Amino acid sequence: MPELPEVETVRRRLAPVLEGRTFERVEITDPRLTRPLDPVEVARELEGERVQLVDRRGKYLVVRFASGRALLIHLRMTGSLLHVPDGELEEDPHRRAVVKLDDGSDVAYRDVRRFGTWQLLEPSEVDTYIDTRVGREPLDVGYRATHLAERLAHRRAPIKGVLLDQRTLAGVGNIYADEALWRARVHPLTPAGELTSDEVKALHRGVRESLRAGVRRQGSTLRDYRLPDGSSGNAQERFKVYGRAGLPCERCGTPIDKIRVAGRGTWYCPTCQRLPLGVVVGARPGYAARSSSSRPSRSRRQSSV
Ligand SMILES: [Zn+2]
């Protein structure tokens with residue numbers, strides 16, 4: 001699934017072709033895209049809207065119109081957008097929507113698995129809608145470790161799961177959560193509220209560094225392949241832990257291990273990322289708990305979930 005870096009890459013590519021343009025004709029052919037609203041009605045409402053800004057919040061693309069309304073696009077698993085300048089679209093069985101712009105070009109939306117969504121929000125609902133679902137932007141200049149600390153305090157769930165919650169901070173998914181935790185040397189099962197303030201600072205830094213690396217990588221993919229289709233060949237080998245089970249940790253050489261946390265495949269280095277003393281992996285999958293007797297963290301090895 002696209003995470004912040006991938007969606008940011010799409011945003012940067014779309015902004016120059018959409019900003020200032022008017023949606024002249026809109027066709028939405030998949031009712032799942034706008035459900036529960038009628039796709040024909042949503043398409044009609046979009047016609048005539050002029051794009052002021054192509055924005056991003058977390059994993060949402062936010063097309064802000066001069067009217068104050070906004071179109072929220074979530075790509076989910078397989079959604080992608082294609083700009084065709086000459087207006088000559090090729091046949092595509094997975095196309096779900098086409099926007100004809102007032103310069104004669106088309107923006108086509110394709111989605112193989114059809115989990116993506118298009119939501120047209122009225123001016124009064126845009127910010128509330130987004131802010132109740134999405135936390136702060138981790139790459140904003142003003143995003144501080146104290147903001148992260150506030151969201152982690154008193155949380156008993158494993159830090160990995162808490163990072164995946166979009167209200168903790170915006171745009172981190174399975175890949176960048178693992179990457180950030182490795183950079184911060186924090187075990188993914190550590191209860192979020194038990195991170196020390198140094199660990200929170202390291203995680204704050206780790207999140208920002210891994211997301212920035214992702215944006216850079218996507219940017220180079222974009223130059224090489226023209227399309228941010230997520231299938232680029234060289235992305236995986238540049239990750240620190242994600243998808244690298246059995247390969248040596250670049251810091252210490254220990255083979256990267258894979259476990260499940262919060263229902264998701266999770267990669268980490270068993271040497272660099274230790275569970276704090278006294279935290280053992282409980283019987284419930286994906287949960288870490290403090291044991292009453294202080295047992296060494298080594299016990300996690302047998303009880304990996
Ligand atoms: Zn290591």
Side-chain angles (χ1 to χ4, degrees), residues 3-5 138-139 145 148-149 152 155 157-165 168-169 171-218 220 232-282 285-291 294-305:
E3 302 182 26
L4 186 155
L139 293 184
L148 180 58
L152 303 186
R155 301 283 300 268
I159 183 63
K160 166 80 185 269
V162 172
L163 286 177
L164 293 179
D165 180 345
T168 303
L169 47 80
V172 171
N174 207 39
I175 295 175
Y176 295 97
D178 286 1
E179 294 292 292
L181 288 167
W182 180 85
R183 285 175 189 262
R185 300 173 189 251
V186 171
H187 192 288
L189 281 171
T190 310
E194 296 193 15
L195 266 67
T196 64
S197 70
D198 281 348
E199 285 173 332
V200 173
K201 281 180 197 152
L203 184 57
H204 170 261
R205 202 163 51 237
V207 164
R208 286 163 61 103
E209 285 173 0
S210 58
L211 290 173
R212 278 200 209 101
V215 172
R216 277 198 303 274
R217 187 166 50 233
Q218 291 294 320
S220 59
S232 64
N234 67 347
Q236 187 139 326
E237 68 202 40
R238 299 205 218 161
F239 290 130
K240 306 292 189 187
V241 283
Y242 181 82
R244 294 179 53 87
L247 295 170
C249 167
E250 74 168 44
R251 258 187 324 232
C252 74
T254 306
I256 299 300
D257 197 5
K258 185 187 179 189
I259 56 173
R260 283 191 89 74
V261 182
R264 307 293 298 277
T266 297
W267 288 265
Y268 76 108
C269 171
T271 302
C272 295
Q273 296 167 266
R274 300 265 181 178
L275 270 178
L277 267 176
V279 175
V280 295
V281 179
Y287 274 81
R290 254 202 192 287
S291 68
S294 197
R295 293 165 65 193
S297 61
R298 231 160 247 297
S299 60
R300 78 186 185 279
R301 284 299 195 86
Q302 291 89 24
S303 50
S304 286
V305 286

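Read the numbers this way: they start at 1 and go in the same order the structure lists the ligands and their atoms. The first residue of the sequence shown is numbered 1, and numbering continues consecutively from there. Both backbone and side-chain heavy atoms feed into the values below; hydrogens, waters and symmetry mates do not. These numbers come from a predicted model, not from an experiment.
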Sorted by chain and residue number, which protein N/O/S atoms are under 2.8 Å from the Zn ion (ligand 1)?
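Hits for the Zn ion (ligand 1) below 2.8 Å: Cys249 SG, Cys252 SG, Cys269 SG, Cys272 SG.
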Would you please test Tyr268 and Val241 for side chain to side chain contact (heavy atoms under 4.5 Å, CB included) and show each step?
CA-CA 6 Å; Tyr268 76 108; Val241 283; 5.6 Å; no
Return yes if some donor-acceptor pair links the side-chain N/O of Glu3 with the main-chain N/O of Val172 below 3.5 Å, else return no.
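No, the answer is negative, given that no donor and acceptor are paired below the 3.5 Å cut-off.
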Any sub-3.5 Å donor-acceptor pair from Glu199's side-chain atoms to Thr196's backbone N or O?
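Yes, Glu199 side chain to Thr196 backbone: donor-acceptor pair under 3.5 Å.
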Any residue meeting side-chain contact (heavy atoms from CB on, under 4.5 Å) with Ala192, in chain and number order, not counting sequence neighbours
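Result, side-chain contact (heavy atoms from CB on, under 4.5 Å) vs Ala192: Leu152, Arg155, Ile159, Val162.
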Can we say Glu209 and Arg183 salt-bridge, meaning some charged N sits less than 4.0 Å from an Asp/Glu carboxylate O?
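Result for this pair is yes, salt bridge flagged.
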Is it possible for you to check whether Arg251 lies under 6.0 Å from the centre of the six-membered ring of Trp182, through NZ or CZ, and within 45° of that ring's axis?
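Yes, a cation-pi geometry holds between Arg251 and Trp182.
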